[in-house]
Number of protein chains: 2
Amino acid sequence: MSGPTVHDVARTAQVSLATVDRVLNNRGGVSSKAEAKVKAAVAQTGYVRNMAAANLSRRRVYRFCFVVPSGDTGFVALLQAALERERSRLVEEQILIQIIPTHAFDVAGQVAALRDLDCDAVAIMASEAPEIQEEVSRLRASGVRVVTLVADLPQSDREAYVGLDNVAAGRTAAEFMGRFLGASGEVLMIAGSLSSRDHNERLMGFRRVMQERFQHLTLLPAVEGNDDAQSVERLVAEASAARPLVGIYAIGAGNKGLVRAVQKADAKPVTIVHELTPTSRQGLRDGTIDLVLDQDTSAAVVAAVRIMRDLTEGREVSAETGKIRLNIFSRENIQ
Amino acid sequence: MSGPTVHDVARTAQVSLATVDRVLNNRGGVSSKAEAKVKAAVAQTGYVRNMAAANLSRRRVYRFCFVVPSGDTGFVALLQAALERERSRLVEEQILIQIIPTHAFDVAGQVAALRDLDCDAVAIMASEAPEIQEEVSRLRASGVRVVTLVADLPQSDREAYVGLDNVAAGRTAAEFMGRFLGASGEVLMIAGSLSSRDHNERLMGFRRVMQERFQHLTLLPAVEGNDDAQSVERLVAEASAARPLVGIYAIGAGNKGLVRAVQKADAKPVTIVHELTPTSRQGLRDGTIDLVLDQDTSAAVVAAVRIMRDLTEGREVSAETGKIRLNIFSRENIQ
DNA sequence: TGCAATTTGAGGTACGTCAATCAATTTGTT
DNA sequence: AACAAATTGATTGACGTACCTCAAATTGCA
């Protein structure tokens with residue numbers, strides 16, 4: 001009922017089990033003739049290694065770390081929750097995941113967290129700072145497989161990125177903004193931080209499509225909300241003081257403030273935000289927010305674990321696996 | 001390094017290994033006192049069964065079947081491709097998947113396929129016919145776990161559904177249609193089959209939101225395209241003969257015909273279709289199609305396998321797991 | 001108290017693979 | 001031909017669990 005085993009391979013190759021083992025785990029000391037015989041037998045029998053048995057025998061337990069910003073609201077909270085949800089299932093598959101919370105913009109703390117890591121692979125959501133990239137290199141050099149999560153470090157030695165195509169996200173936001181808005185007017189872009197790569201990429205995509213296709217709309221200079229509700233509220237109020245805004249694209253966190261500001265505004269602008277959190281969900285429901293662009297945290301966690309596992313098991317990883325689909329939520333498709 | 005084993009449980013419970021085994025696999029013949037001791041020890045040690053070892057020992061191989069419509073184009077082709085892609089990975093985890101192609105509307109053939117199934121669980125994408133529901137009951141009665149895929153059979157004994165919330169998909173389509181269209185005009189809905197549940201649900205959702213929120217648009221009676229390009233092309237041509245259409249919502253397959261018809265039309269209608277296939281992707285790119293609502297086939301396959309595995313391993317399955325997110329594609333977020 | 005029924009323990013084999021040892025064989029070199 | 005080096009085979013003991021047998025201990029009941 002089960003497939004062919006190493007014994008079958010040994011028999012058809014007419015070599016001993018030891019030789020098959022040497023070839024399969026390339027331990028060396030095998031003549032090219034014998035190696036060819038084994039490989040032929042593998043192909044002929046259709047042998048595939050029983051990973052469960054292999055891991056069992058070598059008493060392998062995968063230890064994966066997630067270095068992610070702490071926080072009990074918004075996106076990071078959802079990410080934590082998704083991690084917790086996955087944990088129990090993964091334990092049964094001998095995969096232990098450890099969550100290492102850091103402070104969002106605390107580079108030193110993040111470096112410290114990365115420094116005393118002890119695991120097979122790590123998924124990192126951290127700032128794009130040279131110190132961190134160095135730490136990534138060090139980790140890789142010491143045999144740890146590194147994956148970036150949500151925020152990429154393309155200059156680093158990371159082996160895969162799990163997250164959105166942020167330029168495409170910005171372009172998409174612009175497209176809907178443009179199509180929802182027939183008349184002309186001013187559109188405000190609020191980033192969390194103007195120095196973070198992912199936010200910049202979203203801005204870039206947004207700007208480009210606005211320029212290419214929707215010239216009836218005027219883009220105000222991007223402002224920095226610092227992922228903080230109060231700042232965001234103030235910024236929106238200031239921007240709409242002179243003349244009402246027709247659209248707002250909010251890239252970072254702090255949507256509570258955004259919602260408050262929009263509710264106070266004279267004319268309701270088309271509002272597009274990122275990440276489906278309780279706040280943005282409520283905003284959709286009551287009409288304050290028109291669209292939420294979301295990267296599914298569960299999908300991100302699952303993809304990250306899958307890639308880390310593929311990497312540690314020596315499988316190839318296609319960039320495709322890490323691509324998280326951009327989910328678009330409106331009031332009609334949240335339940 | 002690894003977690004506690006049955007030996008640890010036996011030691012802390014102060015019973016023999018045999019007793020632990022009897023409790024864990026409820027073989028009976030254990031006093032309630034001993035059972036309590038074992039359960040306490042499990043809780044105390046944090047023991048979790050090593051599924052890999054368990055399956056190895058009982059030489060378990062999961063055999064999952066996918067009964068899906070055949071076809072080398074469109075959505076079903078994508079589904080087949082996704083299945084093939086998953087296969088190799090799953091083999092290593094001792095999961096064998098068998099794909100059983102059927103003809104799309106051939107109920108008798110589908111029943112026959114279900115009848116001589118030999119597997120632990122099956123994912124079914126088939127018509128909602130009483131014969132099939134009976135067959136599902138029979139399968140369940142004979143111990144096979146049944147999951148519906150893409151097209152649900154809610155009246156049957158299936159244990160889970162993997163796929164879209166089709167009502168929400170229709171509502172979403174309507175929302176975008178309404179918001180893209182400022183001026184009034186006539187909107188055409190083309191279903192594949194008016195007697196298929198999923199298409200009907202989409203229509204229902206679409207109609208409802210149109211009625212609730214976008215009364216400036218007039219809905220023409222839904223027509224049946226039979227998932228066939230020529231029929232679809234003809235239907236669109238006929239509908240726009242009298243007066244140009246301002247919008248088209250195409251629910252089923254046959255988008256090649258839709259694209260041809262739209263390209264010939266005098267005024268370009270806002271066009272929303274389902275499923276991201278090469279045709280619809282091209283339509284987005286050249287502007288014939290405005291939005292594609294897609295259910296990710298890879299995600300569907302992964303979710304189906306996961307649920308089938310959870311079911312056969314006796315884990316609980318939340319309805320959440322089967323929910324496939326609705327992906328919305330526009331020209332700005334396909335690459 | 002005696003006897004049967006129930007419960008418990010002890011121990012073994014198997015699953016497929018890894019990892020190691022040691023002896024036996026083949027190969028290459030001079 | 002002699003010897004070292006390289007290659008191969010045979011064998012063993014894990015890993016954690018399932019499943020089986022048989023004997024020993026405990027319980028219930030008359």
Side-chain angles (χ1 to χ4, degrees), chain A residues 1-42 45-63 91-96 312-314, chain B residues 1-42 45-63 91-96 312-314:
Chain A
M1 201 80 293
S2 178
T5 74
V6 277
H7 294 84
D8 300 313
V9 174
R11 198 168 337 105
T12 58
Q14 309 208 29
V15 297
S16 74
L17 248 149
T19 301
V20 173
D21 177 62
R22 287 178 185 114
V23 174
L24 253 36
N25 300 294
N26 34 263
R27 301 187 205 281
V30 180
S31 67
S32 52
K33 204 172 112 193
E35 189 177 336
K37 276 204 287 183
V38 171
K39 285 187 173 165
V42 167
T45 57
Y47 168 80
V48 264
R49 169 190 261 118
N50 182 334
M51 263 300 170
N55 289 340
L56 176 62
S57 109
R58 59 155 75 107
R59 209 185 303 165
R60 188 148 193 20
V61 178
Y62 295 105
R63 284 146 66 238
V91 167
E92 289 190 15
E93 301 185 37
Q94 307 301 110
I95 297 176
L96 302 180
T312 50
E313 284 179 357
Chain B
M1 199 81 291
S2 178
T5 73
V6 277
H7 295 84
D8 301 312
V9 174
R11 199 169 335 108
T12 56
Q14 308 208 29
V15 297
S16 73
L17 220 76
T19 302
V20 173
D21 176 62
R22 289 191 257 258
V23 174
L24 255 35
N25 300 294
N26 34 262
R27 300 187 206 282
V30 181
S31 67
S32 52
K33 203 173 114 193
E35 188 177 337
K37 277 205 286 183
V38 171
K39 285 186 173 163
V42 167
T45 56
Y47 168 81
V48 262
R49 173 191 256 116
N50 183 334
M51 265 300 171
N55 289 340
L56 175 62
S57 115
R58 57 156 71 109
R59 211 187 289 153
R60 189 157 193 11
V61 177
Y62 295 107
R63 284 147 66 238
V91 168
E92 287 190 15
E93 301 185 37
Q94 306 301 113
I95 297 176
L96 302 180
T312 49
E313 284 179 358

Within the pair A:S16 and D:dG9, is there a side-chain N or O less than 4.0 Å away from OP1 or OP2? yes
Please encode protein proximity along nucleotides 19-26 of chain C as a string of B, S and -, counting only heavy-atom distances under 4.0 Å. B-------
B:N55 CG to D:dT17 P, straight-line distance once rounded to whole Å: 12 Å
Side-chain N or O of A:S57 versus OP1/OP2 of C:dG16: is the shortest distance under 4.0 Å? no
The answer to which of B:A53 and B:S32 contacts DNA chain C further toward the 5' end, by nearest nucleotide, is B:S32
Between P on D:dC15 and CG on B:D8, what's the gap in Å once rounded to a whole number? 11 Å
Considering all heavy atoms of both residues, which atom of A:G29 and which atom of A:R22 are nearest to each other, and what is their separation? O-CD, 4.4 Å
Nearest whole angstrom, please: distance from the P of D:dC15 to the CG of B:N50. 13 Å
Per atom distances to the B:R59 side chain, the nearest of D:dG16, C:dA14, D:dT8 is C:dA14
What distance do A:L24 atom CG and A:Y47 atom OH have between them, rounded to the nearest 0.5 Å? 5.0 Å
Side chain of A:R49 - closest among D:dA18, C:dC18, D:dG16: C:dC18
Could you tell me if A:Y62 and A:E313 have a donor-acceptor pair between their side chains, going purely by distance under 3.5 Å? yes
Take atom NZ of B:K37 and atom P of D:dT26, then tell me their distance rounded to the nearest Å. 12 Å
For the pair made of CD in A:Q94 and P in D:dG16, what is the distance, rounded to whole Å? 9 Å
Here the gap from A:K37 atom NZ to A:S31 atom OG, rounded to the nearest 0.5 Å, amounts to 7.5 Å
Specify the separation, in whole Å, of atom CG of A:L56 and atom C1' of D:dC15. 4 Å
Check the distance between D:dG16's P and B:R60's CZ and give it to me in whole angstrom. 22 Å
In this structure, CD of B:E93 is separated from CE of A:M51 (nearest 0.5 Å) by 9.5 Å
When you measure from the side-chain N and O atoms of A:S31 to the phosphate of D:dT8, is any distance below 4.0 Å, counting only OP1 and OP2? yes
Give a yes or no on whether the backbone of A:L17 and the side-chain of A:D21 come within a donor-acceptor separation of less than 3.5 Å. no
Give one of base, sugar-phosphate or nothing for B:A34, where a contact means two heavy atoms less than 4.0 Å apart. sugar-phosphate
Can you measure B:L17 atom CG to C:dA14 atom P for me and round it to whole angstrom units? 18 Å
Nearest 0.5 Å, please: how far is CD in B:E35 from CG in B:N26? 8.5 Å
